[in-house]
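Report on the following structure.
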Amino acid sequence: MSSKVVPYYQKRHKHYDHSYRNLQSRYVVQEYSTQKSQEQRLEQRAERHAEQRSEQQVEQRSQQQHRSYDRSVHYATELAFLEEDIRIARALAREQIDKVSIQRMVEEKLALQRQIHEECVSRAPDILVRLRSHTVWEGMPVKLFFTVQGYPTPLVQWYKNETLISPASEPGKYRIESKYGVNSLEIYRTNTNDTATYTAVARNVHGQSSTNAAVIVKRYRSEDEPLHPGYMPHLPLTAAISFTHIDVKFLETFGVTFGVEGETVTLSCSVLLTPDISRLRPQAEWYRDDVLIKESKWHQLHFGEGRATLTFTHMNKDDEGLYTVRMVTRGGVNQHSGFLFVADAAALVAGAPGAPMDVECHDANKDYVIVTWKPPNTASEAPVIGYFVDKCEVGTENWIQCNDSPVKICKYPVTGLFEGRSYIFRVRAVNKAGISRPSRVSFAVAALDPADLSRLQTIHLEGGRDIVIYQDDLEGEVKIPGAPTNVQAHETSKTYVVLSWDPPVPRGRDPLVYYIEKTMVGSGSWQRVNSEIPVRSPRYAVFDLVEGKSYNFRVIAVNKHGVSEPSEVTPPIQAQERLAVPSAPGRILASRNTRTSVVVQFDRAKVEEELIGYYIDSSVVGSNHWDHCNHKPIKYNRFVVHGLTPGEQYIFRVKAVNAVGVSENSQESEAITVKAALTTPSHPYGITLLNCDGQSMTLGWKVPKYTGGANISGYYIDKREADHLNWHEVNSKQIQERIYTVENLEEGAYYEYRIAASNLAGLGLPSDPSEHFKCEAWTFPEPGPAYDLTFCEVRNSSLVILWKEPVYSGNSPVVGYFVDYKEFEGEQWTRVNETATSNRYLKVKELEEGKTYVFQIRAVNAAGIGKPSDISEPVLVQARPGVQEITTGVDEEGNIYLAYNCTEISEASQFTWCKAYEEINDDQKFKAETIGENSKLYFKNPDKDDLGTYSVAVSDTDGISSSYVLDAEELERLMALSHEIRNPTIPLKSELAYEILEKGRVRFWLEAQNLSSESSFRFVVNDLEIKDSESHRIKFDRAAGIIEMVMDKFTVENEGTYTVQIQDGKAKNQSSLVLIGDAFKALLAEAEFQRKEYIRKQGPHFLEYLYWEVTEECEVLLVCKVANTKKETVFKWYKEEVPVDALDVPDLQQGVCIFRIPKLTKKDQGEYKATLKDDRGQDVSILELSGKIYEDIVLGMSKVSGSSASELKIICTPEGIRFHCYMKYFSEEMKVSWYQRESKVSSSEKMRIGGTDEFAWLQICEPTEKDKGKYTFEIFDAKTSYKRTVDLSGQAFDEAFAEFQRLKAAAFAEKNRGKVIGGLPDVVTIMEGKTLSLTCTVFGNPDPEVTWLKNDRDLELSDHFSTTMESGKYASLTIKEVSSEDSGKYGINVKNKYGGETVDVTVSVYKYGEEVPEVKPGQLPKTAPAPAPAKTPAPAPAPAPEKAKPAPKAGKSARK
């Protein structure tokens, strides 16, 4: 059978099985299998050699064990043999692994060589030497030869004229041989009847070839003997041979196929033609619903090399239907059919409908065409509300929507086409969810007037000539056309009317256009319909009509010469639907068909006029979801629904479809389970002779593999002697058992038997004849053969084999059995059990997955090993997909059970439960119950005797079975679960607990699961039941399972034990809560606190007490939230009981109050308090900002500062090199560390550590080369550390060190330069005639030079101006008898080699009696290089200096 998509490996590979029943096919299979058998024999020899070595080692070990067994020294001997067993086991395991590896390698190499060989040599037959014609005398033999090559070896058939030659038909006449590609046909003692054309046809799976030759047989006659006319050969010696019959046999066929729109699918059939002659091959024809399919862009047909294919390049729902391939020959037609289902592609919009289908064009004209289509099925989607029609001009890809609003019926007149152009159309469906995918495009249609051909006229002339002219040419000089005639409504709808008319006669030679006019009946006014778009076709669709109103129409013809008279007015035409939505189909009946299909039959709709077809929907019972069964409407009322799930229950419904819409759904069918229909059973098999006493034979046989869906009611046996042809009935009544003794037999005779089974459907086919059994008495002492070998629990590496005890036990009872097996095509038998098993079952393990094995059983008694059983049927060791295993469980009543589920059962299937593979019949301990696909085995009184292996087998399936080992641990678990169910407790979601509510009330509560309306409870406190009262509010919410008790006042008297007891039917439970001692005191204190809290919250109160925050700017905020305030409420801040003002005004309306500390230091530690107060009461919140809280705040600031810290900056100072890390705020309380090359740095004379509010620093004093390296600054918060690094090495160190040297030198110079230390005032006022003495202290190293200046010029010394210098540091300027001319700016310049400075003094001289003038101070001192020393005369002696008076408002001295 061909699937919808053929895998690549199946395209090249040919499959062979026993379905080839004719001689020619079997010959091909035998030739193909020859090489494979040789390769398998080589593999088996290697396996036998390895197995013999293994058996020898095992036998040696066994002999040593028996010889060495001595009770006196069993301990030492057992230990020695245990070690030897371990060594041998390891050696055998290694040898087995090596054998498997070698075998796998050999198989892979052989497979590769076989594949390479087949691919290299595989080819169709090729005739190298062809047949030659012969002429012989009568009575002489003749031999025809030809040579052919091909792989697989071709099968050769010989034909005489048209008849296949069979040596068996005329024994001794023909001899056919084939050796090494040379094929021959020898005819012994020919006669004139052998005169004919002989054909040899060679064929294999890749093709065929033929050759022919003529044989003429002459009869010897004397010269006067006339030649008999009957002997005159008449031979068709042409190359073509006229066969009247070709035998066609389908080998591989396609079945029911499923596809989806847009996919590429191929339907394929392989055929065997006999004879296969290229000139006379049959014709392959494909049909869909009995309509011939032709080659197109959608369908590709091919027939060759014995295979006919139909390929769908892009499937659409248009392709759904019943496909039939017909092989047409001269002798008849052979055909095969299969249904193709095409499902909708995934919608572009969720919920959108499927695409319409079968888009067709009708009534095409110059500018008009009617487009029709079939609606999609909508089972679970929203109904279709309309359709959009699109057109596209052939040769372009520009699709244009023809209708602005959706058209509701499946027909639409498309106008506005251009004459002479071709168009294709497509349709899209619309529902409330969206627009569907477009349909398959229609065939192209040309916009032409079909009446043009009818106007052609042929005139026959003499001489056999014809002239074709238009009828218009015979009309004469007609210019203005006549009036159109026969105007009528061609199509009517709710929204439009299609008018048709006959062209005018005469029509004139010029092109015509038409104008249509309408009038509502009774209005009296005509309105032109197509005033802007002239019509060229005698068809037109008039839209925009009022539903239910009647209209009259007329048509006017126009050409370039003028306008015709109007046509006759039509009778009243009403815009209405000609069709109505069809009625729903009638009664629907579903019946069983196969394991995956159901036959649905229904009564047709009452009115089937223009009915498109029917849609069928299916739904799984209980799902409320409907699926499409067919995606294209069907016209028959019987349909086979395929693709259903076996064992599921379905219901069906049908709806009718026409162009107007879809009918209502029919009534739903009765629910039906998807199962195969009843058939007669298959034949029994495995007929075995179990005993014989010389006059009777006891036979046994196996159950048919398939019962046909019903229980086997009995068996019928036929017998015959070996040399007879007729069968004789053994039993006239049905036999219930599968063992029977046939009486009244003749001793020494040979008999064969066949058996047929029957069920409700009738008598099945008889089995194949048995072997020839000789009727002679069995007297041998060994037991007879076991029988009825069956298999179950076939898995990937194991299976369980079961059998029945021999009927003939020999001279003594049977004591055990041996099980042997071998590969199906192997020769070496392997024994499974070394010692005979007393059970009649055995689990065979360590088999190879994917291989096929056969088995036989040998019974053992005291006399020895008896006859082997018949070889079992081949068993493929491979787990069946989807087979389930036995499960254990406990039902709602506490019953322990084993359960098994099988989805592949039929009505005749039965579940057979066994213990130790013996059918369970003990009703006192077990109860089996089967409902549908599920079967359970209940344990009535489970105990340790129930431990063991349990199995279940399902009849009328392909050997479905399973087993389960019930051990002590599992049984104990199940019994514990059973006890819990039979003695139930109500499950509790939560035990009895308490919570404290506002006002200090206490709530006790418990939550249970799944309480019914009949449940009850008791609340007990200190052994006294509590009822609902004012002091104890008790509620029971059964739906939620909550029991609660609320106590308004909780006091010291409530100490004790609280218990809740619940009962719901048989189930009970209780929960207790002990409140004594510390637990009770804690609850009482919390209740009292909540009561006080409630009282507190009646006035202004803190919703949230004081807490601290650190802002992104590293400010510390003390925050509290208040509630229940009013305008009169007063809020205050205190620190250490002292009122303080906050930077932020308290916002009582928003309920948030903030005390901001911009830069937190140790001084800010202390107790902070916030108070609220008004006439309703007051509340206080206190925060002790010290200790742990202060440390946590510092850590919070560390987190903000650490995350905002900058990279380390290198700063040079005269003292050394400094690293700065800038951050939002730095405090010494922060946990910071400095590292040099991963070593922590402590503050010292060499390394100094410090910081300011803005940055932290590390200074290296007097840096050297040792101070190079990587420096890291680390700041910690509570969880994270923040690191910043800088590398002081290389160029960075060189540049920093140079800058340090420069600054150090500059600082040294600044320290030792010449400078005025002090003593000079900024301003001096003095009265005339006085002596002014200006004295100051100077410094410099070396001692500086001092120069006095007046008004920025060197002061010339005289008697009036004199200077002194004492001890090298006290410099004085004395001005004797000052006058107003001495007023001005005086300065002293002090300098040495490192530099110096100039300090100015403003001197103001006033006269006696004048007010003391206000004099502003001069400039600030400035450093300057000391001027070159000037030689000054020695100062003249001067009177004693007068002490200078400072100015009234002295400022800072101005220095230069």
Side-chain angles (χ1 to χ4, degrees), residues 317-318 320 344 347 351-360 362 370-390 402-414 425-439 442 490-498 541 543 545 547-548 574-586 588 602-617 626-637 639 652-668:
K317 291 186 294 185
D318 309 51
E320 183 170 291
D344 289 293
M357 67 208 82
D358 285 351
V359 179
E360 297 180 356
H362 307 276
I370 293 180
V371 180
T372 63
W373 59 89
K374 293 179 181 178
N377 189 7
T378 53
S380 56
E381 302 85 0
V384 174
I385 60 177
Y387 303 90
F388 285 115
V389 180
D390 303 331
C402 300
N403 50 321
D404 296 330
S405 59
V407 59
K408 298 184 181 300
I409 65 173
C410 298
K411 183 183 295 185
Y412 185 75
V414 178
F425 298 88
R426 71 182 187 189
V427 183
R428 295 170 293 151
V430 185
N431 66 3
K432 65 179 183 180
I435 303 177
S436 73
R437 292 177 178 269
S439 67
S442 67
H490 183 70
E491 187 81 29
T492 61
S493 175
K494 291 182 180 180
T495 57
Y496 68 87
V497 170
V498 178
F543 290 90
L545 301 178
E547 183 179 356
Q574 189 174 8
Q576 60 183 6
E577 292 290 354
R578 184 171 55 85
L579 289 175
V581 175
S583 60
I588 179 172
F602 51 91
D603 294 339
R604 296 180 179 272
K606 294 181 179 179
V607 179
E608 289 192 313
E609 183 182 0
E610 299 188 25
L611 191 68
I612 295 176
Y614 299 93
Y615 277 125
I616 303 174
D617 302 329
W626 291 91
D627 294 315
H628 307 163
C629 295
N630 60 316
H631 309 87
K632 182 179 178 181
I634 58 172
K635 294 187 176 181
Y636 30 87
N637 64 337
F639 186 72
F652 300 88
R653 69 185 185 190
V654 186
K655 49 196 170 189
V657 182
N658 65 7
V660 177
V662 181
S663 73
E664 296 291 331
N665 293 313
S666 68
Q667 292 183 351
E668 297 175 0

Are the side chains of [Y] and [X] in contact, using a 4.5 Å heavy-atom criterion?
{"X": "F602", "Y": "I616", "answer": "yes"}
{"X": "P375", "Y": "I612", "answer": "yes"}
{"X": "P633", "Y": "Y614", "answer": "no"}
{"X": "K317", "Y": "D344", "answer": "yes"}
{"X": "V359", "Y": "R426", "answer": "no"}
{"X": "S439", "Y": "M357", "answer": "no"}
{"X": "V662", "Y": "T378", "answer": "no"}
{"X": "Y387", "Y": "S436", "answer": "no"}

Intermediate values then yes/no, side chain to side chain contact (heavy atoms under 4.5 Å, CB included), K411 and I370: CA-CA 7 Å; K411 183 183 295 185; I370 293 180; 3.7 Å; yes
Identify the two heavy atoms, one from [X] and one from [Y], that lie closest to each other, and give their separation to 0.1 Å.
{"X": "N431", "Y": "A352", "answer": "OD1-CA, 3.8 Å"}
{"X": "P582", "Y": "G661", "answer": "CD-O, 3.9 Å"}
{"X": "A429", "Y": "G354", "answer": "CB-O, 3.9 Å"}
{"X": "G434", "Y": "P353", "answer": "O-CD, 3.8 Å"}
{"X": "V414", "Y": "C402", "answer": "CG1-SG, 3.9 Å"}
{"X": "A584", "Y": "E664", "answer": "CB-O, 3.3 Å"}

Is the backbone of [Y] close enough, under 3.5 Å, to the side chain of [X] for a donor and an acceptor to pair up by distance?
{"X": "E381", "Y": "A379", "answer": "yes"}
{"X": "D617", "Y": "R653", "answer": "no"}
{"X": "R604", "Y": "K635", "answer": "yes"}
{"X": "N658", "Y": "A580", "answer": "yes"}
{"X": "S442", "Y": "F425", "answer": "yes"}

Evaluation steps, side chain to side chain contact (heavy atoms under 4.5 Å, CB included), between C629 and F652: CA-CA 9 Å; C629 295; F652 300 88; 4.2 Å; yes
Whether Y412 and F543 hold their rings parallel, tilted or perpendicular, with breakpoints at 30° and 60°: tilted
Parallel, tilted or perpendicular: rings of H631 and H628 (30°, 60°): perpendicular
Pair N630-N377, side-chain donor/acceptor within less than 3.5 Å: no
Straight-line distance of R428 CZ to F388 CZ, nearest 0.5 Å: 6.5 Å
Ion pair check, K632 and D358, cut-off under 4.0 Å: yes
Verdict with supporting geometry, V657 and K374, side chain to side chain contact (heavy atoms under 4.5 Å, CB included): CA-CA 8 Å; V657 182; K374 293 179 181 178; over 6 Å; no
